[in-house]
Protein chains: 4
Amino acid sequence: MPKLGMEPIRRAALVEATIAELGAAGTLDITVSQIAKRAGMSSALAHHYFGGKEDIFAAAMQHILSELRQEGLDQLTRARHPIDRVRAIIEASFSPSSFDPDTINAWMLFYLMARTSPKAARLLRLYQSRLRTHLRHALRPISARPEADAETLAALIDGLYLRASLGRTGSAGEARAHANAVLEALLETST
Amino acid sequence: MPKLGMEPIRRAALVEATIAELGAAGTLDITVSQIAKRAGMSSALAHHYFGGKEDIFAAAMQHILSELRQEGLDQLTRARHPIDRVRAIIEASFSPSSFDPDTINAWMLFYLMARTSPKAARLLRLYQSRLRTHLRHALRPISARPEADAETLAALIDGLYLRASLGRTGSAGEARAHANAVLEALLETST
Amino acid sequence: MPKLGMEPIRRAALVEATIAELGAAGTLDITVSQIAKRAGMSSALAHHYFGGKEDIFAAAMQHILSELRQEGLDQLTRARHPIDRVRAIIEASFSPSSFDPDTINAWMLFYLMARTSPKAARLLRLYQSRLRTHLRHALRPISARPEADAETLAALIDGLYLRASLGRTGSAGEARAHANAVLEALLETST
Amino acid sequence: MPKLGMEPIRRAALVEATIAELGAAGTLDITVSQIAKRAGMSSALAHHYFGGKEDIFAAAMQHILSELRQEGLDQLTRARHPIDRVRAIIEASFSPSSFDPDTINAWMLFYLMARTSPKAARLLRLYQSRLRTHLRHALRPISARPEADAETLAALIDGLYLRASLGRTGSAGEARAHANAVLEALLETST
DNA sequence: AATGAATGAGGATTCATTCAT
DNA sequence: GATGAATGAATCCTCATTCAT
C-alpha cells in the first residue's frame, strides 16, 4: 500500500538514524544496511531516497550543522548586550542538544569526512565561517582584536568538542566554563 | 637481495608510509596494500612484520605521539624560567615536525581511531595525560588556577590542530600566536 | 530476474552443490566460490544465505545424515520380525542413495570435520547414537550381547563406508553381504 | 657450523613432527611452518630436505604404514598356530604404538589424502593389500571363506580405527575385543 | 647446512549498489 | 512505494615456495 508524501518522513528517519548510528559506532565505517535497519526500512529504499551513501552522510551533516546554527541564532536574537551575544554563542555550542554524545561524535566524524568529500567540506566551511562571522561581529565592540579573538574562541570550542568526543572532559558545564574563562581573560587583556 | 636485520628498517618504513598515506588520503580507509606499496614492499611482508592492519596503525600512532612527546621534552629541559616551560610546550606542539600536514592529519585520524581501538585509546590517553601533567607543573608557580588553565590550553592546542587538519588556519605561526595569546591572557587574569 | 521465496531453493541448491563438490574433490579444501558456481550463483549470495563456509558445511552434513536416518526409519517401520529390523538398518546403510559415491565421500569428510568443528561433532554424535540405539533395540530380542554386537556392527558399517570412499570395495552389494554375514555369524554364536 | 649427515636426522624429525602436528590438529590443514617449528627448524629447511609439502606428508604416511606393517610382521613370525597368526595381526593393529591417538588421527587423515594424492593412494593401497594378503593366508587353513572373511575383518579394523579417531570407542582393549569376537564368530560359522 | 627475507596467488568475507517484482 | 535478490569489486590475511646470504 503505497503511501503519499512518504519521502520527507523517510529522509528524516534516515538522517536521524545516520547520526545515531555514527554516534553509537564511533566510526565512519558504518554500512548503509545498518542505517536503513535502524530507520526501519530496507537498504534499497535508502538508496532510492538518497542517491548513495555519501548523500546520506551529507544530509546528516547538514542536519547537524543547521541545528547548531539554529540554536545559536535563537539565542543570539534574544541577546541585547554585546558580551551577551558572545556568551549566547558559547551557550549554544554547549547546549544539551548540541553537546549530546551522539551528535558530538557525528560532528567529529564529519570533520573528517570534510577532508574527502567536497560536499561535506563545503558544508563545514560554511558553518565555520558563519560562526566566525557571528563571533567577530559580537566581539568588535568589546575586543581590541576581534578577528584574532574570534579565531581563538572558535578553535577552543572545537578543541573542547574534540576532547568531549573522546570522553575526556565529561560535562558540558565544564566545557562551557573553560570557554567563558578564556573569553573573560581575552577581554580583560584587551582593555 | 635479502639482507639480515631488515626488520627494524622495514618496520620504520611501514610506519612512515602509514603516516604519509594517512595524511595524503585523509581517511582511515587506506588499505594495507597502499601502505606496503608506498613503503616499497609487498602487503604480505607488511603482515609478516606486523601482525595485521591494526598493529601497523598502532605503531604509527605510537611513533607520532612519541615524537611529539620527545620534541616537548627536549625543549622542556632547556627551559629555565617557569613561563618558559609552558612556552616550550606550546613551541613543541607547533614545531615544524609536529605541525607537518601529514602528521597532523594522521594525528587527527588517530583521535578517531581511539574511539574504536582500545589500543589506540590507551596510547592517546597516555599522551594526553602526560601533556596535561607537564602543563600543570609548569603552570603551578605562575597561575592561580593551574589545573583549569592546563585543561584550557590543552583543549586549545587540540582545537588548533583540528582546524589545521582541515586546512583552515594555514601557518603554524598563527596557531602558535593564538596559543601564546591565551596563555598571556590567562596569566594576567590570574594575578 | 529475482523472484520471491528464493531462499529455500538457494539453500537447497547450495547444500546439494556442496555434497557434489566435496565428493568430486575428495577434500574439505573446496572454496565457497566453487560451491556457489556449481550451484549457479555468486559466492556473495552463498554467504548471504548462510553465515559463512562453516554453516554451509554444517547444513550439508545435516542433510546427509538426516537422509541416512530417514531412509533407515522408513524401512524400519515396515519390518515385522526382529531380525528384519536389523537387516533393514543394514539395508538402509547400503541403499543406492546412501551409497552414492559423492555422498559417501562427503560423509567421510564430515567425519573428519567433526574433529575440528563442534557443530559437526554434535551432528555426527547425534546420528551415531541414534544408529546404535536402533541397532541395540533391534538386537535385544535376538542377541545374547546386544550392546557389543550393536557396536561391532556399527563399526563394521563405518569401515565398509570408509573402504568404499577409497574406491576399494566397489559395489554396495558386496558391502551389504559382508555386513549380513557378520550379523548371521554373531547371532549364531549368540545362541 | 654445518654438520655432516644431518639429512636423515632432519628428515626423521620432520616426519615425527608431521604426525604429531596432524594428530594434534585433527586436520590436514596444517602449515609447513607449524611442522618445521615443531621439528625445531625453519620452514625453508623443511623445503630443502623434502621437495614440498606433499612430499613431507607422503614420507610421514609411509612411516606410519611401515610401522604398522613392521609391528604386524614381528608378531606374525612368532605365531605358530594358524589362528594365532590372525590374532597376531589383530593384536598388532591395536598395539599401543599403533593405537596411539596421534598416529590414529594421522592414519585417518592419510586415508583422506589418498583420494587426492596419487602417491598417498599408492602407499595406502599397498599397505591394505599386504594386510589382506596376510589375513587371507592366515585364514585359509581355518576358514571356509578366507577371502570374504579377510575382507570383513579388514573393514572392521578400519571401522574401529575410524571410531577411535573420533574419540568414541575409548580403549584399544575394547576394540581388540570386538575384532576377536567377530573372528570367533566367523570361524564358528565357517565350520 | 641453515635461515631470514620476500612474494604471488588465492580465499573468505563484506558492502554499496542495481534490478525485477 | 518498497523490498528481496543478486553481484562485482575490494580487502585482509595466510601460505607454500624461492632466494640470497
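Within every chain, numbering begins at 1; the chains are lettered A, B, ... in the order of the sequence lines, protein sequences first and strands thereafter.
Within residues 29-47 of chain C, the residues that have a heavy atom under 4.0 Å from DNA chain F are, in order of number, C:Met41, C:Ser42, C:Ala44, C:Leu45.
Straight-line distance from the CZ atom of C:Phe57 to the P atom of E:dT13: 11 Å, rounded to whole Å. Counting to the nearest Å, the P atom of E:dA12 and the CZ atom of C:Phe50 are 15 Å from each other. The nearest whole Å value for the distance from the CE atom in C:Met6 to the C1' atom in E:dA20 is 13 Å. Residue C:Glu7 contributes atom CD, which lies 17 Å from atom P of F:dT3 at whole-angstrom precision. The NZ atom of D:Lys53 sits 8 Å away from the C1' atom of F:dC15 (whole-angstrom rounding). Summarising the geometry, the separation between CD on C:Glu21 and P on E:dG11 is reported as 12 Å, rounded to the nearest angstrom. The separation between C:His48 atom NE2 and E:dC15 atom C1' is 12 Å, rounded to whole Å. Here the C1' atom of nucleotide E:dA2 and the CD1 atom of D:Ile9 are 14 Å apart, to the nearest Å.
Here B:Lys119 pairs with B:Asp55 under the side chain to side chain donor-acceptor pair (under 3.5 Å) rule; sequence neighbours left out. The salt bridge (charged side-chain N to carboxylate O under 4.0 Å, His left out) check on A:Arg38 picks up A:Glu21, with sequence neighbours excluded. Remark: A:Thr103 engages A:Asp100 in a side chain to side chain donor-acceptor pair (under 3.5 Å) (not counting sequence neighbours). In this structure A:Ala12 satisfies the side chain to side chain contact (heavy atoms under 4.5 Å, CB included) test with no other residue, sequence neighbours excluded. By the salt bridge (charged side-chain N to carboxylate O under 4.0 Å, His left out) test, A:Asp29 is found to be paired with no residue, residues two or more places apart in sequence or in another chain being considered.
Within 6.0 Å of the CD atom in C:Gln62, the count of heavy atoms belonging to other residues, nucleotides or ligands does not exceed 12.
Residue pairs satisfying the side-chain hydrogen bond (donor to acceptor under 3.5 Å, both in side chains) criterion with at least one member in residues 9-20 of chain A, sequence neighbours excluded, are absent.
Between C:Tyr49 and F:dG4 there is no side-chain N or O to OP1 or OP2 distance below 4.0 Å. Between E:dA6 and B:Arg10, a contact under 4.0 Å exists linking OP1 or OP2 to a side-chain N or O.
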Can I get a per-line list of side-chain donor-acceptor pairs under 3.5 Å for residues 43-54 of chain C, giving both atom names and the distance, sequence neighbours left out?
from	atom 1	to	atom 2	distance (Å)
C:His47	ND1	C:Ser43	O	3.2
C:Lys53	NZ	C:Ile30	O	2.9
C:Glu54	OE2	C:Ser117	OG	3.3

Study note, to complete from the structure: A correct dot-bracket answer for DNA chain E, with pairs being Watson-Crick or G-U at under 3.5 Å, [ ] for crossing pairs and | for inter-strand pairs, is .||||||||||||||||||||
Exercise for review: Please test B:Phe110 against B:Leu123 for side chain to side chain contact (heavy atoms under 4.5 Å, CB included), starting from the C-alpha separation and ending with a verdict.
Suggested key: CA-CA 10 Å; B:Phe110 287 138; B:Leu123 281 174; over 6 Å; no
